[in-house]
Structure formats: C-alpha cells, structure tokens
Q: 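Sharing a structure here in structure tokens format.
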Amino acid sequence: MPSDEDFDPHVLAEDAFIEEVQSFQFWFGAVEGYLTGQSYGHDPGMADPPLDETQRERLITTLCNYCVGETAALEGASGLVSLAPNHPAKIFMATQVVDEARHLEVFLRRLNDLGVEDTTTEIVRRANPALTEFKDALMQLVAAGDWDAAVFAQNVILETMEFTVFRSHAQNADPMTAEILEGVISDERRHFGFGENDLGRRLAHDPEGRARLRDVRRDLDGLVLGVFEGALADLEVPAADRHVLGRDYLETVERLGLTQ
Amino acid sequence: MTTSDASTSEVAPDKPRRQYDLDETGFNEVPKKWRKFYRHWGGPGDKLGRNEVVCPVCKIVIRSARELRPGDKVYCMPCMSRMIVVEGPDDHFIAEVIF
C-alpha cells in the first residue's frame, strides 16, 4: 500500500502539477467524487415539494439567467480550445466545455421541472440585458483570437461571478436546486482557478499584457456590476450585503495586478 | 510522475517536523488518492492545524502530512493554485498565491 509520501501533492514539480490538474484523468477522478449516482445534478429519489407562485417565478428568472451565463461559458470555452497556447491548457478547456454543457443541461431540466416547456423563449424573455451584453463581449474576444482577454472575461470574471452567486443562492434555495448548485460550484472552482493561475503565469513577466487587461477590465466592469446587481436582486440579497459578495472578484483582480 | 522538493521550507528548521496521519473528511472534488489532503473550510471559527492553510483563491483547506513552516510551497488541486506558506496572526498560517 503506498504511503502518504507517495501521493503527497505538495512535492510535485510545478510542471507535473499543472499537467496533472489540467488533465482529463484528473477531471474524471474529480467529478466521480460528487456526481456519481446523480441524475441531472441531484439525487434521483429526492423529494421536490412545489414552491409557491412567487418563489417559482423568481426561481425561473434566476435559472433563465444562469442558462445565459452557462451558454456564454459553453460557447466561449468551445472557442478557446483552439486558441489555447499549450496542450495542458487545451485539454483543460475541453473539460470545461463538458462541465458547461452539463450546467446548461441541469438548469434547463430544472426549468422543465418548474413547468417551463419552451425554455428558449423564456430565457430570451427574462435575460438580464447586462448579462447578454457581457456574453456578446466575451464572444467578440474569442472571435478576435485574444486568449488572455477571453480567459480573463470568461474564467476570471464570469466564473468568479457565478461561483459567488451560486454559493449565495445555494444557502437559501429549495433542496433540489441547492443540490444542483453544489455540484456546479465544485466545477467552478476548477474554472476560475485555471483562469487566475494561467493568466498569473502569463502576466508575471508581461507588464504590457497586464496594462492591456486593465483596459479590458475597465471596459467590462460596468457590465459586471450590472450582472451582479441583477443576480443578487433576483436572489433578494439585501443591498447592504452585496458588496461583500463582490469581494472574491476584487481579490482576484488584485492578485493579478489588474487594479488601477 | 516526477517530484521535486517543492515543499521544502526556505527557513532552517530548528526542530524536526511533526508528522500527521491524514484521513478523508468528506471532501470529494479531487481524485480519491488526493482527497485527504484537502477539506472544506468551516469559516473564521474553524481552527486550523499547524499542517493546514486556507487557499485564498477557492477557500478550501489545504492539508499536509507534515507540519508546515513559513516558506513551504503547497498546491491547491481543487483550484489549481500554487502558494507559499507565511506566518499569519493568531498562531496560524496563511498562504500567498505564487504564479
């Protein structure tokens, strides 16, 4: 039987660590831990008591906007596979494509559970304009072949926002939605972690690249604020508490040296 | 898989490091063989051991099979971050991300 020392992750060489955590092999072992036995992101035997009409309406709006965000990440990550600058990043981005497609699927299925049949129409009708605009901006960065800016928009901004909003929502959601969110949150850790660390390494010796991403951040910050405000209002988070929830994003941009 | 002395402290130890037997605590977001090296953080009231540090990126507790010392490098597999251990307030370590 191997000892702890044989499996100690902290003694890995840096390149070996990156190759390990960005691999499909790692991804299989990770999702096996929290998705095995689930059906569309939850225990198939879980009870799902009906919500009152106000709660149902509010949840449908929230889930529709989650679908917009997940579609943005799915399409963005798909495009980023071809832009990735090395094999580990390419392979990681492919795992993210799979994650994002799963997220979209479980949220669509949850909308079906709530009685929404035409999800496409309902999502368009309820989408936060700031989120739709953010998605368009992300897709423009991907189409321009700008890996750094697109990873910043997608894996740092969008994924950090989703992680923050999903965690807040999971604390107060009905049990089935909460379980679905917990699985998604576990995936998001990989996504925003990849973004921060990939960019951090690339920007460490690239002051011009850092200055350019500060401009990208400045351009997107208005949309980010609009998306955050909309999502947190839908979740009925008191206005006084919302600044606390933006802290993860602000800490991330500070670590990356992207503050003004 | 290659290894290095990435976790070797840059600070000269004045006494042998305490060893820890790690058990799984229910954290399941990494492959089985790595799970005991991580656990969920219970928030500010969660007392960290001398072999533990909170990842500032994803807020998971990173665990080591030996006592940590300032200057040690540790990895957070759940969010792919690398960090260096520094002495923090209240007799516990904090981690700073390195790129």
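No experiment lies behind these values; they were computed from the predicted model shown. Just so we're on the same page: letters track the sequence lines, and every chain starts at 1.
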Q: Less than 4.5 Å apart, any side-chain heavy atom of Arg255(A) and any of Pro56(B)?
A: yes

Q: More than 12 heavy atoms of other residues, nucleotides or ligands under 6.0 Å from CD of Gln25(A): is that the case?
A: no

Q: Which atoms of Ser186(A) are under 4.5 Å from chain B, going by heavy atoms: the side chain, the backbone, both sets, or neither?
A: both

Q: Crowded around His40(B) NE2? As in, over 12 foreign heavy atoms under 6.0 Å?
A: yes

Q: For a quick test of reading the model, state the closest non-hydrogen atom pair linking Cys58(B) to Arg189(A) and the distance between them.
A: O-NH1, 3.1 Å

Q: Starting from the C-alpha separation in whole Å, work towards a yes-or-no answer on side-chain contact (heavy atoms from CB on, under 4.5 Å) for Val11(A) and Lys73(B).
A: CA-CA 8 Å; Val11(A) 299; Lys73(B) 290 177 185 169; over 6 Å; no

Q: Is the CZ atom of Arg18(B) crowded by more than 12 outside heavy atoms at less than 6.0 Å?
A: no

Q: Stepwise, does the salt bridge (Lys or Arg N to Asp or Glu O under 4.0 Å) test hold for Lys33(B) with Glu20(A)?
A: CA-CA 13 Å; Lys33(B) 64 182 174 183; Glu20(A) 171 69 25; 5.0 Å; no

Q: Could you pull out the closest heavy-atom pair between Phe92(A) and Met80(B), with the gap in Å?
A: CE1-CE, 3.1 Å

Q: Minimum heavy-atom separation for Met77(B) and Leu12(A), please, with both atom names.
A: CE-CD1, 4.1 Å

Q: What residue, out of Tyr34(A), Phe194(A), Phe28(A), Trp27(A), has the most heavy-atom pairs lying under 4.5 Å from chain B?
A: Tyr34(A)

Q: Can you name the nearest heavy-atom pair linking Arg35(B) to Gly29(A), along with the distance?
A: NH2-O, 3.2 Å

Q: Taking side chain as everything from C-beta outward and backbone as N, CA, C, O, which of these in Asp248(A) sits under 4.5 Å from a heavy atom of chain B? Side chain, backbone, both or neither.
A: side chain

Q: For Asp8(A) versus Phe37(B), what's the shortest heavy-atom pair and its separation?
A: CA-CZ, 3.7 Å

Q: Give a yes or no on whether Glu19(A) atom CD has more than 12 heavy-atom contacts from other residues, nucleotides or ligands under 6.0 Å away.
A: no

Q: Can you tell which of Arg82(B), Lys32(B), Glu96(B) has the highest number of heavy-atom pairs within less than 4.5 Å of chain A?
A: Arg82(B)

Q: Can you tell me which portion of Cys76(B) sits under 4.5 Å from chain A's heavy atoms? Options are side chain, backbone, both or neither.
A: backbone

Q: Would you mind reporting whether Val57(B) and Glu196(A) have side-chain heavy atoms less than 4.5 Å apart?
A: yes

Q: Can you say whether the rings of Phe17(A) and Tyr75(B) are parallel (under 30°), tilted (30 to 60°) or perpendicular (over 60°)?
A: parallel

Q: Using the ring of each side chain (for Trp, its six-membered ring), is Phe7(A) parallel, tilted or perpendicular to Trp34(B), with breaks at 30° and 60°?
A: perpendicular

Q: Answer yes or no: is there a side-chain heavy-atom contact under 4.5 Å between Ile62(B) and His10(A)?
A: yes

Q: Using only non-hydrogen atoms and a strict under-4.5 angstrom cutoff, which residues of residues 197-213 of chain A touch chain B?
A: Asn197(A), Gly200(A), Arg201(A)

